[in-house]
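What you see is a predicted model; the values in this text were computed from it and never measured. For the single chain, residues carry numbers from 1 onward in sequence order.
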Amino acid sequence: MLVERVFVEGDTVHVTARTPDGRAVDCPDCGVAAHRVHGRYQRHLADTAIAGRPVVIDLLVRRLICDHPTCPRRTFVEQVEGLTIRYGRRTPPLHHLLLALALALAGRAGARMAAVLAVAVSRVTLISMLMALPDPAATSSAFSPRVLGVDDFAFRKGKTYDTILVDVDASMVIDLLPDRSSDTLIAWLAEHPGAEFICRDRDSSYSRAAITACPDAVQIADRWHLLQSLSRAVEQVCHQHRGCLKKHAERGRDQPVQMPLLDALPPTLIVQRVLDRHVEINRMVAVGYPISEIARRLGLDRKTVRHYHDSDLDTLLVSARDRRSVFLDRLRGRADRRGRERRQQYGHRSR
């Protein structure tokens, strides 16, 4: 490749280049060297950034004629090794960079990181690159990892679960099982004997499978699951007894004991909604409304209304604390007000 010019246009660095004349190129089908030039055209290739600026290579390439009589291909375009691929609009270094971002961060996060690296790419493109990767080679029936990691994952939380098996020594996934039952894992372990250590979560079905199929293997409780379960248990206990904790904390500061119900919880819209619904549902029940009528008036399911009536407020607030709060909720009032103003404005114009 011969570089003819390098210039900056806007924020983009352009590299104008061409392939050298007189160079014979082997035909990709028959392998016979071709010399005759059919024509030329320019390719625009995105490359990795330089000094925080995106780079585009404007490459003039030749289309050559294959003169071999038995070759089905009449013309072909020459490729520059390490720079171009067929139908590619990115150089191989940039393709490998984006693929690494997609594998590490997936779609949206990968696109945001690519923007920091001065590479314009969408989340859909990154996901498409992941989907185009070849499937991993099937695990041989004779293959047996020494340290086996077992865990479940959800296609639909609370509904559909599968099991993932990992070779911990090689840090790679070796198989996926269609469910998380002990019988399925026992059958797989029987086909792949020899596991010395089984690292698993605290699911009893995995424990039974390991004891049945690999009684000599050492079972290791995954410390990540242990810490996760411990943190959830501690958080729930603290929320259930937050009144007592606040009372003792205030006594330590020699302050009068005041225990508003929601002091220990952040003032999110979810917490306020749970409090309002609990008050309104219990008020309507006290008046004498049936559950079906309350559900119809409030636009809720009857099971939801019954749950609010049968559960105490502390339990409902603990559940509300575990839900995700939306960052833009604080701006919802302003957005609604602006929307009403715009509707009134355009409605007045249309009339």
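The SG atom of Cys66 lies 11.0 Å from the NE2 atom of His35; values are rounded to the nearest 0.5 Å. One finds the CZ atom of Arg108 at 4.0 Å from the CZ atom of Arg123 (value rounded to the nearest 0.5 Å).
The number of heavy atoms from other shown groups lying within 6.0 Å of CE (Met129) is above 12. Within a 6.0 Å radius of CD in Glu81, no more than 12 heavy atoms belonging to other residues, nucleotides or ligands are found. Counting heavy-atom neighbours within 6.0 Å of Arg23 CZ, excluding the residue itself, gives a total above 12.
Checked against Leu165 for a side chain to side chain contact (heavy atoms under 4.5 Å, CB included), the options Leu189, Leu185, Leu176, Asp151 give a single hit: Leu185. A side chain to side chain contact (heavy atoms under 4.5 Å, CB included) with Leu45 is found for exactly one of Leu59, Leu94, Val15, Val80, namely Leu59.
In this structure, the side chains of His38 and Arg74 stay at 4.5 Å or more apart for every pair of heavy atoms. Residues Ile281 and Leu300 have side chains in contact (heavy-atom distance under 4.5 Å, counting atoms from C-beta outward). Tyr161 has its side chain out of reach of Asp179: every pair of non-hydrogen atoms, C-beta onward, lies at least 4.5 Å apart. Side-chain contact between Ile174 and Pro145: present, with at least one pair of heavy atoms (C-beta onward) separated by less than 4.5 Å. Between Asp47 and Val13 there is no side-chain heavy-atom pair separated by less than 4.5 Å. For the pair Leu316 and His307, the minimum side-chain heavy-atom distance is below 4.5 Å. Using a 4.5 Å heavy-atom cutoff, the side chains of Cys71 and Val32 are not in contact. Residues Leu103 and Leu130 have side chains in contact (heavy-atom distance under 4.5 Å, counting atoms from C-beta outward).
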Intermediate values then yes/no, side-chain contact (heavy atoms from CB on, under 4.5 Å), Leu101 and Val119: CA-CA 11 Å; Leu101 290 177; Val119 179; over 6 Å; no
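Taking Thr84 as the reference, Gln79 meet the side-chain hydrogen bond (donor to acceptor under 3.5 Å, both in side chains) condition, with sequence neighbours excluded.
Val166 and Val147 fall into different hydrophobic clusters, defined by Ile, Leu, Val, Met, Phe, Trp and Tyr side-chain heavy atoms under 4.5 Å apart, directly or through other members. When hydrophobic clusters are built by joining Ile, Leu, Val, Met, Phe, Trp and Tyr residues whose side-chain heavy atoms come closer than 4.5 Å, directly or via intermediates, Ile186 is not grouped with Trp188. Residues Val77 and Ile65 are members of separate hydrophobic clusters, defined by side-chain heavy-atom contacts under 4.5 angstrom among Ile, Leu, Val, Met, Phe, Trp and Tyr. Taken together through direct or relayed side-chain contacts under 4.5 Å among Ile, Leu, Val, Met, Phe, Trp and Tyr, Ile198 and Val168 form parts of separate hydrophobic clusters. Residues Leu133 and Leu98 share a hydrophobic cluster, clusters being chains of Ile/Leu/Val/Met/Phe/Trp/Tyr side chains in contact below 4.5 Å.
Through side-chain heavy atoms spaced under 4.5 Å, either directly or across other Ile, Leu, Val, Met, Phe, Trp or Tyr residues, Leu230 is tied to Val234.
Side-chain N or O atoms of Ser205 include one that pairs as donor or acceptor with a backbone N or O of Arg180 at under 3.5 Å. Between the side chain of Arg73 and the backbone N or O of Cys30 there is no donor-acceptor pair closer than 3.5 Å. Counting only distance, with no hydrogens or angles, the side chain of Ser231 and the backbone of Gln228 share a donor-acceptor pair below 3.5 Å. Checked by atom type and distance alone, the side chain of His309 never pairs as donor or acceptor with a backbone atom of Val305 at under 3.5 Å. Put simply, the side chain of Arg277 never gets that close to the backbone of Leu298: no donor and acceptor are under 3.5 Å apart.
In this structure, Glu235 does not pair ionically with Arg232, as no charged nitrogen and carboxylate oxygen lie closer than 4.0 Å.
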